[in-house]
Amino acid sequence: MATSIDVNKQSVKQLLESGKKRKFVIPEYQRPYAWSAEQIETLFDDLAEYTELDKESTYFLGTIVSYTNDNDEQEIIDGQQRITSLFLLLRAFYAKLVSMVETPEAKNFKSQIESALWEQDELTAAVDYQKILITSRVMGDEGNDSFANILTTGKAKPEAKDNYSRNYNLFIEMVEKYATVQPEMFYYFIRNLLNKAILLPITADSQDTALTIFSTLNDRGLALSDADIFKAKMYNHLSHNEKHDFIDKWKKLDEDALNVNESMQKLFYYYMFYLRSLENDRKTTTPGLRRYYSNNNFERLYKPEVMDDLNKLVNLWIVVNNRMEIENEKWSKNIDIKQVLDGLVSYPNEFWKYPVVIYYLRYHDDYDFEENFLTFLRKLLAVLAARYIITPTINAVKRGILNLDAEIIKSSSPKFDFNYVEENELKEKIKSAHRNTVRMILKMLAYQHQEELLPEKWEIEHILPQKWQSAYFVKYSDQEVKDLVEHIGNKIPFEKKLNIIASNGYFAKKQLSYKQSKVKILQDLSESHTDWGLDEIRERDIRISDELFSLFLSWGVNTVAYSTDNNCQIVISEPKLNDYHTFLNMFELEDIDESRKKFLDL
């Protein structure tokens with residue numbers, strides 16, 4: 001269905017008066033009113049300057065993006081801060097007018113402001129000061145009541161700390177000062193504010209359209225996130241007694257997410273993959289976050305376990321991102337698990353996160369979780385690394401990952417349907433590893449030789465420096481040397497601080513710095529060599545390829561889970577068929593399930 005929007009330039013008075021037909025609402029998911037004193041003063045001073053210059057042109061105040069919600073209200077998506085401030089400013093002017101001797105001008109502008117702030121009787125125009133044309137429902141904002149009280153009574157406590165009260169008291173001061181210093185311009189100021197200051201209301205046909213417009217127009221700060229919408233939906237679904245507790249829980253979860261370099265938006269994104277796996281959704285197209293959760297009237301958000309599961313995800317990222325341990329979480333102290341997770345962090349895209357999240361949420365409470373989690377993580381890292389080294393694109397694993405996500409729900413030892421790689425091809429690709437894979441490879445190698453995590457700040461050290469002297473390698477072309485310098489055999493982890501000291505010197509000059517390193521393979525290298533050249537790079541290329549391939553095999557690459565066809569016979573995957581037939585001939589076996597099982601157990 002095509003979307004539609006309505007754009008119609010209006011004066012402040014025209015726009016605010018429309019609240020009589022459809023009340024303005026600042027929805028729960030909006031952020032609290034946050035304009036500073038500086039922004040309030042800028043608005044007032046700009047309008048004052050416009051008035052004093054006596055311009056014929058109108059004064060543009062900006063856009064207001066809204067849509068008509070299910071309660072027939074104008075739900076403000078963008079312009080919340082501006083429209084709130086305008087209501088406060090008009091209320092301050094009205095308070096001043098009430099305190100003045102009633103002149104024809106004062107009576108006129110009181111009447112105009114009344115029409116913009118409150119409901120009126122259709123026949124008599126009698127004002128109901130208790131029925132304001134705007135309501136703020138921002139979740140957890142204690143200032144909502146202050147805002148309503150200011151508009152109905154015209155008073156704010158001088159000592160009040162909420163932004164509505166502070167800004168209203170500031171407006172009162174500025175209005176009073178202006179009326180004293182510029183009495184002849186006072187009524188012109190009100191006239192201009194009501195009738196010559198222009199807003200551009202953009203009315204959308206749905207919340208989705210309004211949010212899209214907002215995201216396109218917004219350049220003043222953080223746009224509303226899908227998580228803000230989810231927060232409001234969850235909040236409104238709760239009973240009155242549950243709402244206060246939810247606000248506290250959300251606030252803490254939001255802070256905890258930021259402390260682990262994640263966000264509520266990301267947590268809901270990860271959680272979507274978990275829910276999809278529960279639904280056996282293996283589609284390679286990732287749905288939009290809001291569209292996914294909004295299905296069936298947001299019912300996925302209303303399940304009681306959602307907040308607990310999101311908190312569990314924060315605990316996972318405490319270990320992954322902050323490298324910290326969690327009290328009473330034995331697995332978080334397991335150095336092997338932490339090393340594998342550190343390797344996955346250097347995987348070139350985020351596809352590794354989804355199966356890790358799913359496995360963690362699914363089996364976290366199992367008694368054998370720690371052991372099974374390590375086995376799963378090792379296989380995941382090995383398979384992802386091997387496949388990406390050969391084909392460094394997302395498409396190399398995308399479908400396999402989404403299938404794996406669903407398989408995890410079925411078993412704590414899930415089937416990987418994308419774990420086969422060709423040995424010779426992989427070994428050759430390791431030697432000239434794509435730059436996106438180097439950190440991951442070096443971590444995997446380093447962790448086979450040390451029992452602690454690598455320092456947080458380390459760089460990829462070129463043992464033979466990238467800037468070499470051609471005189472050292474007269475037998476080789478510059479291109480040959482350049483290629484070998486970038487091989488994996490010439491690269492090793494090295495602390496950033498020590499690397500700066502070592503600079504671009506040759507091996508003998510850097511040995512002392514290497515020996516001071518806490519990277520075990522670098523220490524070993526410094527002790528086992530007195531010089532470093534092209535032959536050493538080639539030799540280490542081969543050693544690393546062999547070591548890494550053996551590691552991949554031991555962690556689960558090229559293992560074939562038993563699968564059956566429609567006749568319930570065990571199936572040998574195509575890449576293994578030649579080896580299987582060689583196996584049958586060697587041991588003079590028949591092609592039966594028992595033979596297939598023996599072969600696959602090798």
Side-chain angles (χ1 to χ4, degrees), residues 10-35 40 43-44 61 64-99 107-157 160 162-172 175 190 193-195 197 199 201 203 232 236:
Q10 292 181 349
S11 69
V12 167
K13 182 173 180 290
Q14 287 172 326
L15 177 64
L16 299 194
E17 281 182 336
S18 71
K20 291 177 179 177
K21 291 184 178 180
R22 290 189 177 91
K23 191 174 183 177
F24 293 103
V25 169
I26 311 296
E28 293 86 346
Y29 50 81
Q30 285 283 11
R31 297 182 178 89
Y33 178 54
W35 262 23
I40 291 297
L43 173 63
F44 192 92
L61 280 172
I64 303 290
V65 180
S66 68
Y67 79 103
T68 303
N69 65 20
D70 294 338
N71 297 320
D72 203 31
E73 300 164 324
Q74 296 185 67
E75 190 162 310
I76 304 296
I77 298 295
D78 186 30
Q80 164 207 1
Q81 307 288 332
R82 184 177 301 107
I83 198 170
T84 300
S85 298
L86 289 172
F87 268 96
L88 292 174
L89 177 54
L90 283 173
R91 190 61 181 87
F93 271 117
Y94 189 82
K96 178 58 180 174
L97 290 169
V98 168
S99 71
K107 185 177 180 180
N108 171 40
F109 287 118
K110 276 173 59 180
S111 174
Q112 290 194 45
I113 292 175
E114 286 168 352
S115 183
L117 296 186
W118 297 288
E119 290 187 18
Q120 293 175 286
D121 186 276
E122 291 183 0
L123 298 180
T124 66
V127 178
D128 189 338
Y129 296 102
Q130 298 301 312
K131 293 183 178 179
I132 56 179
L133 302 185
I134 186 169
T135 297
S136 176
R137 297 174 184 158
V138 175
M139 195 183 93
D141 186 1
E142 295 177 358
N144 293 340
D145 291 338
S146 293
F147 184 39
N149 185 63
I150 289 167
L151 295 183
T152 55
T153 69
K155 296 178 181 179
K157 295 178 181 178
D162 65 274
N163 238 31
Y164 298 102
S165 298
R166 284 200 298 248
N167 288 350
Y168 180 68
N169 286 331
L170 180 55
F171 274 138
I172 288 287
V175 167
I190 302 174
L193 172 59
L194 284 168
N195 302 310
L199 290 159
T203 306
N236 286 333

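I150 CD1 to I172 CD1: the interatomic distance, rounded to the nearest 0.5 Å, is 9.5 Å. Between the CG atom of L88 and the CG atom of N163 there is a distance of 9.5 Å, given to the nearest 0.5 Å. In this structure, NZ on K96 lies 13.0 Å from CD1 on I113, to the nearest 0.5 angstrom. In this structure, NZ in K107 is found 13.5 Å from CG in L97, a value given to the nearest 0.5 Å. Here the CD1-CD1 distance, from I26 to I77, works out to 9.5 Å after rounding to the nearest 0.5 Å.
Across every non-hydrogen atom of V12 and L90, the tightest pair is CG1-CD1, 4.2 Å. Nearest heavy-atom pair across K157 and N169 is O-ND2, 3.3 Å. Closest approach of I64 and G79 over heavy atoms only: CD1-O, 3.6 Å. In this structure, S66 and Q74 approach most closely via the heavy-atom pair OG-OE1, 4.3 Å. A116 approaches L16 most closely through the heavy-atom pair O-CB, 3.5 Å. Closest approach of I76 and Q30 over heavy atoms only: O-NE2, 2.9 Å.
Not a single ring pair (Phe, Tyr, Trp, His ring centres under 6.0 Å) links F87 to another residue, sequence neighbours left out. By the ring pair (Phe, Tyr, Trp, His ring centres under 6.0 Å) test, Y168 pairs with no residue at all, sequence neighbours left out. In terms of the side chain to side chain donor-acceptor pair (under 3.5 Å) criterion, residue partners of D121 (sequence neighbours excluded) are, by chain and number, T124. Annotation: side-chain contact (heavy atoms from CB on, under 4.5 Å) contacts of Q81 (sequence neighbours excluded): Y33, A34, W35. For E17, the salt bridge (charged side-chain N to carboxylate O under 4.0 Å, His left out) partners are K13, not counting sequence neighbours. Here E114 pairs with nothing under the salt bridge (charged side-chain N to carboxylate O under 4.0 Å, His left out) rule; sequence neighbours left out. When the side chain to side chain donor-acceptor pair (under 3.5 Å) test is applied to E75, the partners found at least two apart in sequence or on another chain are Y29, Y67, N69. Shown here are the ring pair (Phe, Tyr, Trp, His ring centres under 6.0 Å) partners of W118, two or more places apart in sequence or in another chain: Y94, Y129. Judged as a side chain to side chain donor-acceptor pair (under 3.5 Å), and not counting sequence neighbours, T153 has no contacts. Among residues two or more places apart in sequence or in another chain, the side chain to side chain donor-acceptor pair (under 3.5 Å) test is passed with D162 by S146, S165. Judged as a ring pair (Phe, Tyr, Trp, His ring centres under 6.0 Å), and not counting sequence neighbours, F109 has no contacts. For R166, the salt bridge (charged side-chain N to carboxylate O under 4.0 Å, His left out) criterion is met by no residue, not counting sequence neighbours.
The only member of T203, N71, D72 that meets side-chain hydrogen bond (donor to acceptor under 3.5 Å, both in side chains) when paired with R22 is D72.
Judged purely by atom type and a 3.5 angstrom limit, N236 uses its side chain to pair as donor or acceptor with the backbone of A232. The backbone N or O of L61 sits less than 3.5 Å from a side-chain atom of R82, completing a donor-acceptor pair. With hydrogens and angles ignored, the 3.5 Å screen pairs a side-chain donor or acceptor of S18 with a backbone N or O of L15. Not one N or O on the side chain of E119 forms a donor-acceptor pair closer than 3.5 Å with the backbone of L133. No donor-acceptor pair under 3.5 Å is formed between the side chain of E73 and the backbone N or O of K23. The closest donor-acceptor contact from the side chain of R91 to the backbone of L151 lies under 3.5 Å.
Using a 4.5 Å heavy-atom cutoff, the side chains of N167 and L89 are not in contact. With contacts defined as side-chain heavy-atom distances shorter than 4.5 Å, the pair L199/I83 does not qualify. Counting heavy atoms from C-beta outward, Q80 and P27 have side chains that stay 4.5 Å or more apart.
N195 and S11 are not linked by any side-chain donor-acceptor pair at a separation below 3.5 angstrom, with hydrogens and angles left out of the test.
Counted within 6.0 Å of CG on D70, heavy atoms from surrounding residues, nucleotides or ligands total 12 or fewer; the atom is thus considered open.
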Could you give me the CA-CA distance, side-chain angles and deciding distance for Y164 and T84, then say whether side chain to side chain contact (heavy atoms under 4.5 Å, CB included) is met?
CA-CA 9 Å; Y164 298 102; T84 300; 3.5 Å; yes

